[in-house]
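Remarks on the structure that follows.
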2 protein chains.
Amino acid sequence: MDKKNQNDEALIQQKKFIDYLTNNDLKLTKARSEVFEIVAKMDNHFGAEDILQSSKNSVSRATLYRTLNELVESQVIRKTAFGDKHQHFEFVLEKKPHHHAFCLNCKTNIEFPDFGEEEIYNKILEKMGFEIYGHEMHFYGLCKNCTKEKI
Amino acid sequence: MDKKNQNDEALIQQKKFIDYLTNNDLKLTKARSEVFEIVAKMDNHFGAEDILQSSKNSVSRATLYRTLNELVESQVIRKTAFGDKHQHFEFVLEKKPHHHAFCLNCKTNIEFPDFGEEEIYNKILEKMGFEIYGHEMHFYGLCKNCTKEKI
DNA sequence: CTGGTTGCAAACGATTTGCACCCGC
DNA sequence: GCGGGTGCAAATCGTTTGCAACCAG
């Protein structure tokens, strides 16, 4: 993806967020802009703490969490899940589509790019010496009812 | 999978757990047996609260959580990944391999069986009227180093 | 102006831990 | 009997919420 496309992406995300705010009578405040800016700069996934770090506490925890939930509602980001405790987020429109290989023993989470085909992963992981016990796929999108509602 | 195989599975799980206990100088106590029994009866996935319900509080929360962690360490179960707050667990050797389709809008988590091929899911979900935005695969197993260590 | 927004601090829910007593081995 | 196991209650962690002051439209 070249610079231009990345920029387009960012604008789409921004539009989604602003539309959401408008549709829900929410204001585009300094705090919300700040959180959005920081989030937009993040890579694949991040947690609340990452944002807080980058913001150098210019936004309070309370507001940060509130804004993150708004970003989820506006479908700019989504909650993702790992084996650990705190929430992680990823972009609904992934910057770098990728998957995960989690070691049950040392708890490492290996991230690797998407190649579009399932079989290839087995080979890749095998080549990496990763012994696969199993895998699960998490699809996300809109279910039948919600697709209809979308207008 | 027939009755006999299911029983074999259960025994394998049990052996794994007992081996783990032995190797770590842990005792096979009443509480641990009880938790193991209940967990073994669970379907695909479950949370701490599910176990507590089934046990009718014969095991304390503290012990339950301690035992669940032991079951994770012994690789009988693993922490799984959902978008919500509390931990879920699944079996390392899945009883019914399956995947998930999560609706970003209504937060429904649709569970569907594993068919071994990736392309087929797109068709299935499409037929269900589910509009896929993306997906992530979570592989789990042992990484190179840990495979070696396994002896 | 005015209603949504913020930060603070307190509340929360799930999970973890310190401790004194209990029980497998 | 000893060393780990248990329940209890208190502590912790990430996240959420009530409230009074604050600011965007």
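Numbers restart at 1 for each chain; the letters A, B, ... are given by sequence-line order, proteins then strands.
The separation between A:Leu28 atom CG and C:dT6 atom C1' is 15 Å, rounded to whole Å. Between A:Leu68 atom CG and C:dT6 atom P there is a gap of 12 Å when expressed in whole angstrom units. Here the C1' atom of nucleotide C:dC25 and the CG atom of B:Asn24 are 17 Å apart, to the nearest Å. A straight line from CD1 of A:Ile18 to P of D:dG25 spans 11 Å, rounded to a whole angstrom. Between the CD atom of A:Gln87 and the P atom of C:dA14 there is a distance of 13 Å, rounded to whole Å. Atoms OH (A:Tyr65) and P (D:dC13) sit 13 Å apart, rounded to a whole Å. Distance CG (A:Leu21) to C1' (D:dG25): 14 Å, rounded to an integer number of Å.
Formation of a donor-acceptor pair under 3.5 Å by the A:Asp50 side chain with backbone atoms of A:Gly47 is found in this model. A:Lys16 places a side-chain N or O within donor-acceptor distance of the main-chain N or O of A:Gln75, the cut-off being under 3.5 Å.
By the 30° and 60° cut-offs, the orientation of the rings of B:Phe17 relative to B:Phe36 is parallel.
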Nucleotides 3-9 of chain D: protein proximity per nucleotide (B base, S sugar-phosphate only, - neither; heavy atom, under 4.0 Å): BSSSBB-
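Contact of the B:Leu26 side chain with the B:Tyr20 side chain is registered, since non-hydrogen atoms from C-beta on lie closer than 4.5 Å.
Considering CG of B:Leu64 and CG of B:Asn69, their distance stands at 9.5 Å, rounded to 0.5 Å. Taken from CD in A:Glu37 to OG in A:Ser55, the straight-line distance is 13.0 Å, to the nearest 0.5 Å.
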